[in-house]
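Let me begin by presenting the structure, written as structure tokens, before commenting on it.
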Amino acid sequence: MRAYHQGQLDFFCAVYAIINALTLCYGIRLEDARKLLEQSLAGISSHSGLWLATLRNQSDFHWLVRALLKALEGQGSFFLRASWPFAPDAFEPTVNLFVPNPREADGVRLYHSPPEPEPDLKTVWQTLCDWLPDERNHEDVRPRTAVLRFFRFLPRLDEPIVRHWSTARHRRGGVISLFDATPDKSAVHELPLANLMPSARHVPDDKAYLYIEPASVCLLERRRW
């Protein structure tokens, strides 16, 4: 019998992914991270529909990642350049989480529309590897990261047991290391290319697999202004 750890019973992983991205790019302190979490949750809770969807995990939270990045840009405290190389569209969030206005939430899409056709795994993997710092190159200290959503499948199960937003730290050969908020040893802390599958629609029966959702991939880097 194990105690549940903090964060295991909620669905705030997208918020933590952005906070951890800021940690990698800016080295933010604990008090700054707590303030960002407070601002984010307070902003979501000011919109009853979005708050219930967040509490009940009734969203893929693409809107939340984009809304948080837009709110941070408007706040002027952190300057991040963001790009979505595989996003199906370039929709702008209609909600400002740090300046709540309940009417804004009416246009928020709780689920995104996946791209058709879906980008192939080789392209997604190479894009991430080209972007992320190389762990073996100690001179590669670029303040950049990537936020992404991955699925975890077990053999003979059609639905993933985990859908999780995380932060990519660096690459090492055929492995992408995660800078993740989940402390549990059984959690996913790296994405090996050998364990990735090209589609969430065709799940093999012989072993556990991971899947990176292409439209979720957000490349982030610190900019000077």
Side-chain angles (χ1 to χ4, degrees), residues 7-8 10-18 20-21 24 56-66 82-91 109-136 144-220:
Q8 194 173 7
D10 62 64
F11 305 102
F12 302 148
C13 57
V15 178
Y16 275 93
I18 296 298
N20 285 331
L24 289 174
R56 296 170 179 172
N57 197 27
Q58 295 174 340
S59 174
D60 57 22
F61 300 109
H62 282 249
W63 64 269
L64 180 52
V65 169
R66 291 174 182 261
S83 63
W84 284 267
F86 309 111
D89 50 42
F91 71 89
R109 289 160 40 187
L110 294 177
Y111 293 93
H112 82 291
S113 301
E116 292 289 350
E118 188 174 62
D120 62 88
L121 174 59
K122 181 179 179 181
T123 301
V124 175
W125 180 262
Q126 194 59 52
T127 298
L128 285 166
C129 287
D130 289 344
W131 179 259
L132 294 171
D134 186 344
E135 183 189 33
R136 299 166 297 182
R144 55 172 52 178
T145 182
V147 167
L148 54 84
R149 184 175 182 241
F150 68 84
F151 299 177
R152 184 180 188 180
F153 289 89
L154 291 183
R156 294 177 294 279
L157 292 181
D158 293 332
E159 291 297 317
I161 62 168
V162 171
R163 294 180 177 90
H164 182 62
W165 284 92
S166 188
T167 311
R169 185 170 196 168
H170 46 59
R171 57 184 169 86
R172 183 184 69 257
V175 175
I176 290 175
S177 298
L178 301 177
F179 191 62
D180 196 79
T182 306
D184 193 46
K185 291 182 180 180
S186 64
V188 175
H189 297 286
E190 58 184 23
L191 301 174
L193 176 59
N195 289 353
L196 293 177
M197 60 183 182
S199 173
R201 300 170 184 170
H202 307 288
V203 184
D205 292 331
D206 57 341
K207 61 183 292 188
Y209 271 89
L210 300 166
Y211 165 73
I212 299 174
E213 186 180 48
S216 73
V217 174
C218 176
L219 308 179
L220 293 169

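The figures here come from the full heavy-atom set of this structure, side chains too, leaving out hydrogens, waters and symmetry mates. Residue indices begin at 1 and follow the sequence shown.
- Checking side-chain atoms of W165 against main-chain N and O of D60 turns up a donor-acceptor pair under 3.5 Å.
- At most 12 non-hydrogen atoms from other residues, nucleotides or ligands lie less than 6.0 angstrom from CG of D158.
- Looking at heavy atoms from C-beta onward, N20 lies out of side-chain contact with S166 at the 4.5 angstrom threshold.
- With hydrogens and angles ignored, the 3.5 Å screen pairs no side-chain donor or acceptor of R171 with any backbone N or O of L128.
- For the pair R136 and D134, the salt-bridge criterion is met [side-chain N within less than 4.0 Å of a carboxylate O].
- Atoms CG and CG, from L132 and L219 in turn, are 8.0 Å apart once rounded to the nearest 0.5 Å.
- A side-chain donor-acceptor contact under 3.5 Å links Y111 to the backbone of S59.
- Residues F179 and L24 approach most closely at CD2-CG, 3.6 Å, considering heavy atoms.
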Evaluation steps, side-chain contact (heavy atoms from CB on, under 4.5 Å), between L178 and L191: CA-CA 7 Å; L178 301 177; L191 301 174; 4.0 Å; yes

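- For R172 (side chain) and E135 (main-chain N/O), no donor-acceptor pair under 3.5 Å exists by modelled atom type.
- Residue A21 comes nearest to V147 through the heavy atom pair CB-CG2, 4.0 Å, listed as atom of the first residue, atom of the second, then distance.
- Looking at V124 and F86, their side chains come closer than 4.5 Å, going by heavy atoms from C-beta outward.
- Nearest heavy-atom pair across M197 and Y211 is O-CD1, 3.6 Å.
- When every heavy atom of W84 is checked against every heavy atom of C218, the shortest pair comes out as NE1-CB, 3.4 Å.
- In terms of modelled atom types and a separation under 3.5 Å, the side chain of H112 and the main chain of W63 share no donor-acceptor contact.
- Residues H189 and S177 have side chains not in contact (no heavy-atom distance under 4.5 Å, counting atoms from C-beta outward).
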F61/R149 under side-chain contact (heavy atoms from CB on, under 4.5 Å): CA gap, chis, key distance, verdict: CA-CA 9 Å; F61 300 109; R149 184 175 182 241; 6.0 Å; no

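- Contact record, W131 with R144: O-CD, 2.8 Å, taken as the closest heavy-atom pair.
- The closest donor-acceptor contact from the side chain of T167 to the backbone of A17 lies under 3.5 Å.
- Taking the ring pair (Phe, Tyr, Trp, His ring centres under 6.0 Å) definition, one finds that F150 meets it with H164, sequence neighbours left out.
- Side-chain contact check for D180 and T182: at least one donor-acceptor pair (N or O, by modelled atom type) lies under 3.5 Å.
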